[in-house]
Number of protein chains: 2
Amino acid sequence: MRPNKRGELVRKALDLFYGNGFHATGMDLVAAETGVSKTSIYKHFRSKEELILAVLKLRDEDFRTWLYTRLEARADTPRGQLEALFDVLQEWFEQPGFQGCMFIKASAEYQSPDDPINLQSADHKQVLQAHFAHLAAGAGASDPDALARQLMVLKEGAIVLAALTHSSAPARDARAAAAALIEQAIG
Amino acid sequence: MRPNKRGELVRKALDLFYGNGFHATGMDLVAAETGVSKTSIYKHFRSKEELILAVLKLRDEDFRTWLYTRLEARADTPRGQLEALFDVLQEWFEQPGFQGCMFIKASAEYQSPDDPINLQSADHKQVLQAHFAHLAAGAGASDPDALARQLMVLKEGAIVLAALTHSSAPARDARAAAAALIEQAIG
DNA sequence: ATGTTTATTTACCGATCTGTTAAGTTATAT
DNA sequence: ATATAACTTAACAGATCGGTAAATAAACAT
C-alpha cells in the first residue's frame with residue numbers, strides 16, 4: 001500500500017465512524033467506502049480496534065492543531081486565547097459536519113475503564129487540559145490548574161449540548177460563564 | 001405478561017444498555033438476562049428501538065425523581081437547591097454503578113437528528129433545563145433562562161468528565177464555577 | 001525475462017444481529 | 001372441565017458482524 005494511501009484510509013474511516021458510530025460501522029462498509037479491500041486493511045491493522053485507535057490518534061492531532069491555530073489567530077496573549085476559546089468552539093459547532101466530540105462518543109461505546117479506546121480518549125482530554133493550564137499560568141491565574149479544569153467542564157458541556165440540540169447556542173452560554181470565571185481567577 | 005413483569009423487563013434492559021451500550025447489547029442477551037423469552041419481548045415491543053425508548057422513558061422518570069428529591073432534601077429554597085446541584089451530582093458520580101449520562105450515550109449511538117431516540121434524549125435535557133429555570137426564577141435571577149442554560153452546560157460537562165476519568169472531582173470544579181455564576185446572576 | 005514481493009479480488013468462516021414462525025406449556029376465567 | 005389468553009421453548013430466517021484463506025494481478029529488483 002502506498003504510504004499516503006494508508007492515511008487516506010484512516011481519514012475516510014474517521015468520517016465513517018464519526019458520522020455513523022463505531023459499532024454501527026462495519027469493516028465491510030469501511031472497505032467499500034475507502035476502495036481498500038478488507039484483506040489489505042487487515043494487513044495494516046490487526047483488528048478493528050487498532051483501526052479505531054489510529055483514527056483517534058489522527059483526530060487528536062487534527063483537532064488540537066486546528067484549535068491551537070484558531071486560538072492564536074484570535075489572540076496573541078494567553079488570557080486573550082482563553083477568552084477566545086468559546087468563540088472558536090462556536091466556529092466548530094457551526095461547521096456543516098459537526099456531530100459532537102469523537103472522543104466522548106468513543107468512550108461512550110467502549111466504556112470499560114481499561115479499554116484502550118477509553119484510555120486514549122481520556123488522554124486527549126488530559127492533553128487539552130494541560131494546554132489550558134499552561135495558558136492560565138501564562139495569564140497569571142492564581143490557580144492555573146483549577147481554572148483549566150473549570151474551562152474543561154464548560155467545554156465538554158458546550159460540545160455535548162451543541163451536538164444534542166444541533167445548535168451553536170451553548171457556545172454563547174459557555175462563553176459568558178467562562179468570562180466570569182476567568183475574571184475571577186485572574187482579576 | 002403480568003403488568004409488573006414488563007416493568008422488570010424494562011428495568012433490567014436499562015441496566016444492560018447502560019452498562020454495555022445499545023448496539024453492543026443484543027436482544028438475545030436481554031432475553032437471557034431478564035428471563036423473558038425473545039418472543040414475549042417482541043409481543044410488547046415491536047422493535048429494539050421501541051424497547052430502548054421505553055428504557056429511556058423509565059430513566060427520565062427515575063433520574064428526575066431522584067434528583068428533585070435529593071435537591072429538596074438538601075435545601076428548601078430555590079437558590080439553595082441551585083447551589084446544592086453539584087453536591088447532589090457528586091453523590092451520583094460516587095455511586096458504584098455510575099457510568100455517565102444514559103441520554104448522552106444514547107444520542108451518541110443514534111445521532112441522526114430525527115431519530116426518535118435522539119429526540120427523546122434531547123427532550124430529557126429540555127425538561128431538566130426548564131426545572132432549573134423555574135428554580136432560578138424563584139431565586140430572583142435577573143435572567144432565569146440564561147442561568148439555567150449555564151448550569152446545564154456545567155452539568156453536562158461534569159457528567160462527561162466524571163465518566164471519562166472515573167472520578168467525582170469534576171463535580172467540585174463545576175460546583176465552584178456554579179457558585180460564581182449564581183452569585184453573579186442573583187447577587 | 002524471471003523470480004519475488006505486494007496488493008487485490010473473491011469467496012468463505014463461524015458467530016451474532018434483529019426479528020419471526022410453529023408448537024407446546026401454563027395460568028386464568030367462566 | 002374447558003376455552004381462552006399469556007407465555008414459553010426451539011428452531012429458523014436473512015443479514016451482517018469481525019476476520020481469513022486461496023488464488024490472481026501488479027510492481028519490483030536482479
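We name chains A, B, ... by the order of the sequence lines, and we start the count at 1 in each one. Heavy atoms only: backbone and side chains are in, while hydrogens, waters and symmetry mates are out. No experiment lies behind these values; they were computed from the predicted model shown.
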Within this structure, what is the CG-to-P distance between B/L29 and C/dC17, rounded to whole angstrom?
8 Å
Is it the case that atom CZ in B/R59 sees more than 12 heavy atoms from other parts of the structure closer than 6.0 Å?
yes
With hydrophobic residues grouped by side-chain heavy-atom distances under 4.5 Å, do A/I104 and B/F93 end up in a single group?
no
Whole-Å distance, A/I41 CD1 to C/dT9 C1', equals 13 Å
Among D/dT8, D/dC17, C/dT8, the nucleotide that comes nearest once only the side chain of B/S40 is considered
D/dT8
If I take atom NE2 in residue A/H23 and atom C1' in nucleotide D/dT16, what distance separates them, rounded to the nearest angstrom?
14 Å
In whole angstroms, how far is the P atom of D/dG18 from the CG atom of A/D28?
7 Å
Taking CE from B/M27 and P from D/dA13, how many angstroms apart are they, rounded to a whole number?
21 Å
Donor-acceptor pair present, A/S37 side chain and C/dT10 base, under 3.5 Å:
no
Nearest to side-chain heavy atoms of B/T39, which nucleotide of C/dT21, C/dT10, C/dG19:
C/dT21
Pair A/R70 + A/D87, salt bridge at N-O below 4.0 Å
no
Figure out the OH/C1' separation between B/Y42 and D/dA13, and round it to whole Å.
13 Å
Given D/dG19, C/dT10, C/dT18, identify the nucleotide with an atom nearest to the side chain of A/K38.
D/dG19
With respect to the side chain of A/K43, which nucleotide from D/dA10, C/dT8, D/dT20 is positioned closest?
C/dT8
Contacts of B/G35 and A/E49 projected onto DNA chain D by closest heavy atom; the upstream (5') one is B/G35
